[in-house]
Every structure is written in structure tokens, then in C-alpha cells.
There are 2 protein chains.
Amino acid sequence: MATANVKIVLEDADGYTFRAEFPTGHQIKMDIPEESGGADEGPRPMQVMLAALGGCTGIDVMSILNKMKQPVEGYEIHIEADQSEEHPKVYTEIRVTHVIKGDVEDDRAARAVELSSEKYCSVSAQIKQEGTVESDYRLESD
Amino acid sequence: MATANVKIVLEDADGYTFRAEFPTGHQIKMDIPEESGGADEGPRPMQVMLAALGGCTGIDVMSILNKMKQPVEGYEIHIEADQSEEHPKVYTEIRVTHVIKGDVEDDRAARAVELSSEKYCSVSAQIKQEGTVESDYRLESD
């Protein structure tokens, strides 16, 4: 069993800008719109989850197409999701369209997308299945 | 029913660097390590999903504590997750610890974390419940 760690830091106690610090050294920011009291310094967390899904399946599909020696020249993933208007505002359906450019064989593309969707993509599997999130807190004062 | 859209673009067909383009105009990159054939230009997608979870619950908790007039001086969210070593490598358990600095009342902090975890945080709810991800593809050649 491997363990993953991510730290999220509120940049300024007067705002809602959160900076995620990854073990790889990379950082991303998330925020809310100015009309909601934020500073719009980054995307919304629910959009970031869709990005994670796209990156995950994209890496899988490219890896599989490369192993199949398919000449990919360009690749985009378009994600569209219906979102509940009741709390919690989950996505009731997520649609992922892989747009692959180059002289790629149709059955190979179909197979690569299927393998990612059904077997390899961890983010997709995490969204599809029931999962466990435990929350706790700790107060610190100087 | 609202709709969300995110586009993910492969930066270079020789690599695995994906750029997510959000409707807000923000962008983030995701990548894989150099030893796996990537360029390490961004975090891994599964880590990005944990960041989305942290940002989501963080924004909720700050918003609730602000409404409760609690004097938050600093705030970090530490996320630790056990990850399966079999495909798909999902998180079998995710633990979220809210570390709140300032003279915040204990019962208010507990309530804010509970409200986010049980009612408001969409990313948490998405991970906890079963969801639907549909995949399709389209080939384009010049």
C-alpha cells in the first residue's frame, strides 16, 4: 500500500485563495470568484477535479497509443459535466471526449480509450466507485 | 442543472505534459516523472484530485468560520491517502486534517468541518458516492 500526501495552504486569512503544495515540488492555486468574496487567483476546486480526470485518462491513452506505435500528432480531451444545483453540488454525469489528431487507427484509439476508462484511470475509478474520506481538525494558537 | 466544461490539451505529441484550460481563464499543468517518460512539468493527476478535495473543503470551512466571526489567523489542510498498488490505483482511504490557527472556538471548528464534510463539499461527496463517467473518442486527420 503506497501513501500519497498533499498540503493545502490558505494564502491569506482574509481571503479564500488556497495553494496546493505537491510532493513533486509543484504548486497550483484554487480560489472562488470575486463576487463570492474571493480573488479569482485560480480555478474552482470542482473544475480541478475534472482536470485531474482529464490528465489521468490522457496520460493513459497517450501511453497506450505510443506502445501501439500510433502516430499521434495532437490530442485534446473535452470534459463536460452536469452538476447538481443542490448541496453537495456533485456531478451527476461526466462526459469525456478524446479528440485525437494524426493517422491513428480507429480500433486502436477505441481500445486505448476503453483500457483507460475501464482498467487504468485511477481518477475515473475513484469517481465511479464509493470511497472513504475521513475528516478531522486541530486547533493551534500561539 | 448547471454544466461544467474543462479542456485538457497535450502540449507536445512527444511527451505527456497536459495543460488544463478552465472556463475562468486559469491553466494548470499535469505530467509524469522523467523516469516514466514524462518531463515532470506538473503534479500527477491523482495528486491533483487530492488538491481539489483540499481546496473544496478549505473554502467551505473558511466561509463557515467567517460567518461564525471566528478569528482565523492561518489555515492548512493536510491530506494523506492510502493508494492501491493494483490497477486502477484508487485511494482506499483519504484522511483530511484541518489545522486552524487563531483563537477559534473548538465547537465552532468541529461544526465547520462537519458541515463541509457531510453537506457542502462537492469533491468529497463525489469521491464518497458512486458516479458516472462516460468516455468517447473522435479521430481527426488533416
Side-chain angles (χ1 to χ4, degrees), chain A residues 1-2 4-6 8-10 13 16 18 20 22 26 28 30 43 45-52 54-56 58-59 72 75-77 79-83 87-90 93-99 101 109 113 117 120 122-127 131-138 140, chain B residues 1-2 4-6 8-10 13 16 18 20 22 26 28 30 43 45-52 54-56 58-59 72 75-77 79-83 87-90 93-99 101 109 113 117 120 122-127 131-138 140:
Chain A
M1 185 71 71
N5 289 279
V6 175
I8 289 93
V9 181
L10 179 64
Y16 294 93
F18 283 87
F22 299 98
H26 301 100
I28 65 169
M30 293 168 282
M46 273 297 269
Q47 296 175 346
V48 172
M49 192 174 63
L50 293 183
C56 174
I59 289 165
V72 175
Y75 181 20
E76 291 186 3
I77 299 150
I79 303 184
E80 190 180 74
D82 298 328
Q83 188 167 15
H87 292 292
K89 297 181 178 175
V90 295
E93 184 178 291
I94 302 172
R95 295 175 293 279
V96 180
T97 305
H98 300 257
V99 183
K101 289 185 186 173
V113 168
S117 172
Y120 291 111
S122 311
V123 177
S124 179
Q126 194 86 49
I127 291 171
T132 303
V133 182
E134 300 289 344
S135 294
D136 201 357
Y137 70 99
R138 187 169 80 233
E140 294 185 347
Chain B
M1 185 70 71
N5 289 280
V6 175
I8 290 92
V9 181
L10 178 65
Y16 294 93
F18 283 87
F22 299 97
H26 300 99
I28 64 169
M30 293 168 282
M46 273 298 267
Q47 296 175 346
V48 171
M49 192 174 62
L50 292 183
C56 174
I59 289 166
V72 175
Y75 181 20
E76 290 187 4
I77 298 149
I79 303 183
E80 191 181 73
D82 298 327
Q83 188 166 15
H87 291 294
K89 296 180 179 175
V90 295
E93 185 177 291
I94 301 172
R95 295 175 293 279
V96 180
T97 305
H98 300 259
V99 183
K101 289 185 187 173
V113 168
S117 171
Y120 291 112
S122 311
V123 177
S124 179
Q126 195 86 50
I127 291 170
T132 303
V133 182
E134 299 290 344
S135 294
D136 200 359
Y137 70 98
R138 188 169 78 231
E140 293 185 348

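Below, each value reflects all heavy atoms present in this structure, side chains not excepted, and no hydrogens, waters or symmetry copies. Each chain gets a letter, A, B and so on, in the order its sequence line appears, and its residues count up from 1.
Per-residue counts of heavy-atom pairs under 4.5 Å with chain B were compared for A:M49, A:E76, A:Q126, A:M46; the largest is that of A:Q126. Contacts with chain B were tallied for A:A13, A:A20, A:A109, A:G131; A:G131 has the most, counting heavy-atom pairs under 4.5 Å. When the candidates A:T132, A:I8, A:L10 are compared by the number of heavy-atom contacts under 4.5 Å with chain B, A:I8 comes out ahead. Contact tally against chain B (heavy-atom pairs below 4.5 Å) for A:I79, A:L50, A:V9, A:V48: the top residue is A:I79. Of the listed residues (A:D82, A:V90, A:V72, A:N5), the greatest number of heavy-atom pairs within a distance under 4.5 Å of chain B belongs to A:V90. No other option in A:A81, A:S124, A:S117, A:C56 has as many heavy-atom pairs under 4.5 Å with chain B as A:A81. Chain A forms the most heavy-atom pairs under 4.5 Å with one residue out of B:A125, B:A4, B:G55, and that residue is B:A4.
Checked for salt-bridge contact, A:E134 and B:R95 miss the test: no charged N lies under 4.0 Å from a carboxylate O.
For A:H26, the part lying under 4.5 angstrom from a heavy atom of chain B is the side chain only. For B:Y137, the parts sitting under 4.5 Å from any heavy atom of chain A are the backbone and the side chain alike. In this structure, the portion of A:V113 lying under 4.5 Å from any heavy atom of chain B is its side chain and not its backbone. For B:I28, the part sitting under 4.5 Å from any heavy atom of chain A is the side chain, from C-beta outward, and nothing else. Contact of A:I59 with chain B is made through backbone and side chain together, with heavy-atom distances under 4.5 Å.
Note: B:Y75 and B:H98 have parallel aromatic rings, judged against thresholds of 30 and 60 degrees for the angle between ring planes.
When side chains are defined from C-beta on, B:I77 counts as touching B:V96, because their heavy atoms get closer than 4.5 Å.
Annotation: the span from B:M30 atom CE to B:F18 atom CZ amounts to 8.5 Å, rounded to 0.5 Å.
Within the 3.5 Å criterion, the main-chain N or O of B:K89 finds a donor-acceptor partner in the side chain of A:S122.
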